S.K.: 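My questions all concern the structure below.
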Amino acid sequence: MTTPVADFLRAYAASGTARLHMPGHKGRGPLGCEAWDLTEISGADSLYEAAGVIARSEENAAALFGSAATFYSTEGATQCIKAMLFLALRNRRLGTPSVILAPRNVHKSFVHAAALLDFEPVWLWPEEGSSLCACPITAEGLEKALASLPAPPAAVYVTSPDYLGNRADISALAEVCHARGTLLLTDNAHGAYLRFLSPSLHPLDQGADLTCDSAHKTLSVLTGGAYLHISKAAPAALREHARSALALFGSTSPSYLTLASLDLCNRRLSEAYPARLREAVRRLEALGKALSARGWQTEPSDPLRLTLRAPAGLTGLDLADRLRRGGAECEYADRDFLVLMAAPDNAPEDFARVSAALGENRAPAAPAVSLPPARGERVLSVREALFAPQKTVPVEESLGRVCGAPTVSCPPAVPIAVSGERIGEAALALFRHYGIKYVDVLQD
């Protein structure tokens, strides 16, 4: 597969051209990669008006992912999330309200988009939950929620996989959405690789209309590289307006290093990647089975993630420290879980190091904990609250106050209380559980 962006950068770096243009390092510097770090000079194309090397590279990506169109982001899935929400709202049917229906385990960029675009989130709640990160929703639950609304929302938005690796039944959810006359948007930030399994588990292949992938999370792409995919079955207007939607939330100076990594990744995906992916999945499965045999409790998760539930007397943070001492770093840990993310570029010794560091678990299983999302009373819209004067207070002083900015670390970046909601006892309990000490609230 061709690599037009990387080819241009390589040729320009070798040309010896005097750089009387940005960036200021002029292709020289201590990192060693400065020669490829360009701006929109002649021949380099322009991300939000792409008609040259970037457009050709995106066409390669679209062919690989089976989309009607795929667009690059150098500012992560966060930019793509905001863009696809904008597209759903701008292109909604006449008379459709500015409402997005979503399970509560959204990334905080969704909340920021609600403030910027002034839409109303209507939350889908699970019957029970064991983590802030998870919010399992069934097709039956979605059907019931849609039937309760006076009109179809502009879209239904689902995070899958979530931070613990749980995947939604996208096919069933898509069927419900389309029967009800609404779009299905998926935050597939953690699942770009799902397209290259056999069979594909990617949301596009399961009926989603718009999907964002963080390429850098599971593929060989520099941090910030992401995709916005438009389904072949989606309305044509979504594809036609996608670049302007991305430009609305992106810098006019996208990183050409990140663009080059997206471009070069196309070639890797088109060659030996599926076989290497199968091997990585096999190794991770073997590690999971070995740890289970040694007393560790593994949780269901997507194929490139291993999620362990901390046993009694230990936390996921303790397990992360144990790994660190053994020369390995996890993706995420909290009181209840340890999450490891693998990829084909992990060497076999990486898995061996994890196995040696964790060793054998002799502690009993931790008792089941119910941690459903906190259902806060809506006092103001997200936009009204996020733009209102705020102050930071200790969590213990937040009870009864209205949440200002959503307070949560990244990872997992899933808000406990959403802007405009009154903080109740349930939110307070979750703040304590996840070790959050301060929260932004509206001023009196």
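These numbers were taken from a predicted model, which means no experiment stands behind them. Just so you know, residue 1 is the first one in the sequence shown, and it goes up from there.
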S.K.: Is Glu59 salt-bridged to Arg56, going by a charged N under 4.0 Å from an acidic O?
M.R.: no
S.K.: Pairing donors with acceptors under 3.5 angstrom, does anything connect the side chains of Ser98 and Asp118?
M.R.: no
S.K.: With distance as the sole test, does Arg322 use its side chain to make a donor-acceptor pair with the main-chain N or O of Leu358 at under 3.5 Å?
M.R.: yes
S.K.: What about Phe110 and Phe119, are their ring centers closer than 6.0 Å?
M.R.: yes
S.K.: Which residues pass the side chain to side chain donor-acceptor pair (under 3.5 Å) test with Asp45, sequence neighbours left out?
M.R.: none
S.K.: Taking Asn361 for its side chain and Gly295 for its backbone only, find out whether a donor-acceptor pair lies under 3.5 Å.
M.R.: yes
S.K.: In terms of side-chain heavy atoms, does Asn60 have a donor or acceptor partner in Ser57 at a distance below 3.5 Å?
M.R.: no
S.K.: Can you find a heavy atom in the side chain of Tyr332 that is under 4.5 Å from one in the side chain of Cys133?
M.R.: yes
S.K.: Take atom CZ in Arg324; do more than 12 heavy atoms of anything else shown fall under 6.0 Å from it?
M.R.: yes
S.K.: With distance as the sole test, does Arg239 use its side chain to make a donor-acceptor pair with the main-chain N or O of Ala236 at under 3.5 Å?
M.R.: no
S.K.: State whether Lys82 and Glu75 are salt-bridged, where the test is any N-O pair (Lys NZ or Arg NE/NH1/NH2 against Asp/Glu carboxylate O) under 4.0 Å.
M.R.: no
S.K.: Please tell me whether Asp336 and His433 have a donor and an acceptor in their side chains that are separated by less than 3.5 angstrom.
M.R.: yes
S.K.: Which pairs, with at least one residue in residues 8-23 and sequence neighbours excluded, count as a salt bridge (Lys or Arg N to Asp or Glu O under 4.0 Å)?
M.R.: Asp7-Arg10
S.K.: Can a donor-acceptor pair be found between the side chains of Ser355 and Arg294 at a distance below 3.5 Å?
M.R.: yes
S.K.: Show every donor-acceptor pair shorter than 3.5 Å between a side-chain atom in residues 134-154 and any protein atom, with sequence neighbours excluded, or say none if there are none.
M.R.:
{"from": "Thr138", "atom 1": "OG1", "to": "Gly141", "atom 2": "N", "distance (Å)": "3.0"}
{"from": "Glu143", "atom 1": "OE2", "to": "Arg180", "atom 2": "NE", "distance (Å)": "2.9"}
{"from": "Glu143", "atom 1": "OE2", "to": "Arg180", "atom 2": "NH2", "distance (Å)": "2.5"}
{"from": "Ser148", "atom 1": "OG", "to": "Ala145", "atom 2": "O", "distance (Å)": "2.6"}

S.K.: Give every residue pair that meets the side-chain hydrogen bond (donor to acceptor under 3.5 Å, both in side chains) criterion with at least one member in residues 30-39, sequence neighbours excluded.
M.R.: His25-Asp37
S.K.: Does atom CD (Glu40) have a neighbourhood of more than 12 heavy atoms from anything else shown, all under 6.0 Å?
M.R.: yes
S.K.: Quick one: does any side-chain atom of Glu58 pair with a main-chain N or O of Tyr72 as donor and acceptor, under 3.5 Å?
M.R.: yes
S.K.: Does anything in residues 249-284 pair up under ring-ring contact (aromatic ring centres under 6.0 Å, His included), and if so which pairs, sequence neighbours excluded?
M.R.: Phe196-Tyr273
S.K.: Give the ring-plane orientation class for His190 versus Tyr163, where under 30° counts as parallel, over 60° as perpendicular and anything between as tilted.
M.R.: perpendicular
S.K.: Is a side-chain N or O of Asp263 found less than 3.5 angstrom from the main chain of Ala6, in a donor-acceptor match?
M.R.: yes
S.K.: Applying ring-ring contact (aromatic ring centres under 6.0 Å, His included), which residue pairs with at least one partner in residues 197-218 are found, sequence neighbours left out?
M.R.: Phe65-His202, His202-His229
